[in-house]
Amino acid sequence: MKVVIIGGVAGGATAAARIRRLDESAEIVIFEKSGFISYANCGLPYYIGGTIPQASSLTLQTPQSFAARFHVAVHINHEVTAIHPAEQCVTVKNLQTGKERAESYDKLLIATGAKPLRPALPGINSERLFSLRTVEDTLRIRQYVENTKPCSAVIVGGGFIGVEMAENLRELGLDVTVLQSGDQLMPIFDRDMAAWLHTEMRQNGVNLVLNARVNSFLTDDHSIHTRLPDGRTFSSDFVILAIGVHPDTHLAKAAGLALGLKESILVNERMEASVPNIYAVGDAVQVNHTVTNAAALIALAGPANKQGRIAADNICGRNSRYWGSQGSSILKVFRLTAAATGINQKTAQALGMKTEKVILSPMSHAGYYPGGKVMTMQVLFEPETDRLLGAQIIGYDGVDKRIDVLATAIHAGMQASKLAELDLAYAPPYASAKDPVNIAGFMIENLETGLIRQWYAEDADTLPRDGSAELIDTRTPGEYAAGHLEGFVNIPVDNLRECIGEIATDKPVYLVCQSGVRSYIAARILEGYGITASHLAGGYRHYSALCTDRALTKSTTACGMDA
């Protein structure tokens, strides 16, 4: 059996290694148009920033090491220019010599990935404008930084690459502006959770401009000027364009393969394309989102690796299935760690799903053990079915541990309230006896059984302030004096029972505290006296972060600027 693989990196290289482990006699040929067969895409920004000092550290396998270990014929700087399904061959071009030849196959695997979006904007071909996708892109940017010693950069786009590049360029001492077309960074998060990322970026000196859609670039002898439709111009030494990627499927399209979302390749659970003996994996393929059961594009290394393994199994006559992805991801944002899995509330609402969420601010480990830090967690579920839909966590230590537990629970189909029953490891340096994941389960259980009611930050402006409801802030007088919601009176939770006679029993009560714990306790006290109460999910801490961010976003959007 002869297997030809178009593309290396995560999907292609993984499949090649797996095929060899399953079939020692197979002839395996990889064509990779770049100069690198297997490299760490996710590490590219950190080489530019100097955290990864050597470019060689990005190379997971060289053509020589890969060939020696797996007996695979690796051809770098070779571009497949056409697929001929009827003849079961491809046309391949040697990019160094320009010569073309035909290469036959018994099985073909397409792992062409995705390519950076580069819209046809005026000035986009400037030598001062870079995209980041391959090692070659990284080396060009690193060389530019080392040779020209730039002082400033504009990053267009606020996804993974944009945020990571902002951090790494700030670590090099550059003035950095991030222009994001939407109203938040990292759309995998809900807007209120993204507020924490915005604050961290701003506190580390990034000029963050939201609702800023770029329409042109102008380059002169000294700078590149990034322009917005409203006339604002941002001048810098260079620009990183990081507005997303598009499946690189022109070969598949020309060969007549069935395509899906954004011309991604349609595959079945066996990673088989619509044409016999052709498989496809990675960022080029459409997958099933396991939470929504809808078609999705999920450009992440984890799914690509899994798909490569599954395609290899089936190429070798086994029977493996890829059922989809839920998009689990994690990101470093200066001191913060931000992670998500499943879907967010915005996506759920767009799909017409009825959802509920809990927001909590637990410590990363036992509060009495030194060094604990607060994280912000949001867990989304479907109240009618108790089905877990997604989770988002932003914090410091322990974020990765909790998001992986929640991702596993979602994958396993665990009911949301059952999070309370998980038997998780505990020692004071690492966790609390009631882990944050358990606490989320307790809160969900309380909501589903009617033990507690919630209101949200987005409800704050519409609360009844005409006397038809009681508005109570249960924090200490000092916390209340430092900032509070309009119309709320201060009754500390520990004094609440003494003040019961002052609270109307025929009016709903809206409660707030700093994180949601004391207001929950206050709600239970009031319910014990027959008073209907609900409390602010996430507390004043979460509300204040969102309001502060919105105010800064509004002021930045409104002002003209020539940076």
Side-chain angles (χ1 to χ4, degrees), residues 40-55 57-58 116 129-135 137-146 149-182 184-189 193-210 212 226 234 236-245 299-301 329-340 373 375-376 392-397 399-400 403 545 549 552-553 556 563:
N41 286 72
C42 300
L44 300 182
Y46 299 98
Y47 171 67
I48 295 171
T51 301
I52 299 173
Q54 302 296 327
S57 300
L58 298 171
L129 192 149
F130 301 87
S131 295
L132 179 60
R133 184 67 179 176
T134 66
V135 173
D137 295 335
T138 308
L139 296 178
R140 280 192 291 270
I141 297 171
R142 175 74 176 256
Q143 184 178 39
Y144 177 86
V145 170
E146 290 178 343
K149 303 295 188 294
C151 296
S152 60
V154 164
I155 298 170
V156 182
F160 286 97
I161 293 296
V163 171
E164 290 170 348
M165 281 304 305
E167 175 181 352
N168 279 278
L169 293 177
R170 280 298 297 149
E171 294 293 337
L172 291 176
L174 276 69
D175 291 330
V176 175
T177 295
V178 174
L179 305 177
Q180 170 71 337
S181 61
Q184 69 171 84
L185 297 174
M186 299 300 301
I188 60 172
F189 294 95
M193 295 294 286
W196 296 100
L197 304 181
H198 300 169
T199 298
E200 183 71 8
M201 296 279 277
R202 290 171 175 137
Q203 288 179 348
N204 282 278
V206 175
N207 177 29
L208 177 60
V209 185
L210 303 174
T226 306
F234 299 83
S236 61
D237 292 319
F238 69 106
V239 169
I240 302 289
L241 188 66
I243 58 174
V245 296
L300 295 170
S329 57
I330 192 164
L331 176 73
K332 179 180 180 294
V333 185
F334 293 98
R335 299 163 300 170
L336 285 178
T337 299
K373 295 181 179 179
M375 64 180 74
T376 303
Q392 302 163 48
I393 312 177
I394 296 175
Y396 303 92
D397 300 334
V399 169
D400 53 345
I403 202 68
D549 175 60
L552 286 171
T553 299
T556 304

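Everything quoted here is computed from the prediction, not taken from an experiment.
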Beyond-backbone contact of Q184 with L197, side-chain heavy atoms, under 4.5 angstrom | no
Spatial distance of atom CG (L210) from atom OG1 (T553) [nearest 0.5 Å] | 4.5 Å
Pair listing, side-chain hydrogen bond (donor to acceptor under 3.5 Å, both in side chains) test, anchored in residues 44-53, at least two apart = none
Can you name the closest pair of heavy atoms from R170 and N204 and give their distance?
-> NE-O, 3.0 Å
Reported OG1-to-CG distance for the pair T226 and L179, which is rounded to 0.5 angstrom = 6.5 Å
Could you give the distance from CG (L331) to CE (M186), rounded to the nearest 0.5 Å?
-> 5.0 Å
Applying salt bridge (Lys or Arg N to Asp or Glu O under 4.0 Å) to E167 and not counting sequence neighbours gives K332
Taking the side chain as C-beta and beyond, is there a heavy-atom pair between F130 and I48 under 4.5 Å?
-> no
Donor-acceptor under 3.5 Å (D237 side chain, S152 main chain) = yes
Regarding N207 and T177, is there a side-chain donor-to-acceptor distance under 3.5 Å anywhere?
-> yes
Taking all non-hydrogen atoms of both residues, which atom of M375 and which atom of V399 are closest, and how far apart?
-> CE-N, 4.3 Å
Mark yes when over 12 heavy atoms from residues, nucleotides or ligands other than Q143 sit less than 6.0 Å from its CD; otherwise mark no.
-> no
Pairwise salt bridge (Lys or Arg N to Asp or Glu O under 4.0 Å) hits with a residue in residues 150-161, at least two apart | none
Do you know the tightest heavy-atom contact between A166 and F334?
-> O-CZ, 4.2 Å
Kindly give the heavy-atom pair with the smallest separation between E200 and L336, and that separation in Å.
-> CB-CD1, 3.5 Å
What are the two closest heavy atoms between L132 and P45, and how far apart are they?
-> CD2-CG, 3.9 Å
Steps toward side chain to side chain contact (heavy atoms under 4.5 Å, CB included) verdict (V135, L44) | CA-CA 7 Å; V135 173; L44 300 182; 4.2 Å; yes
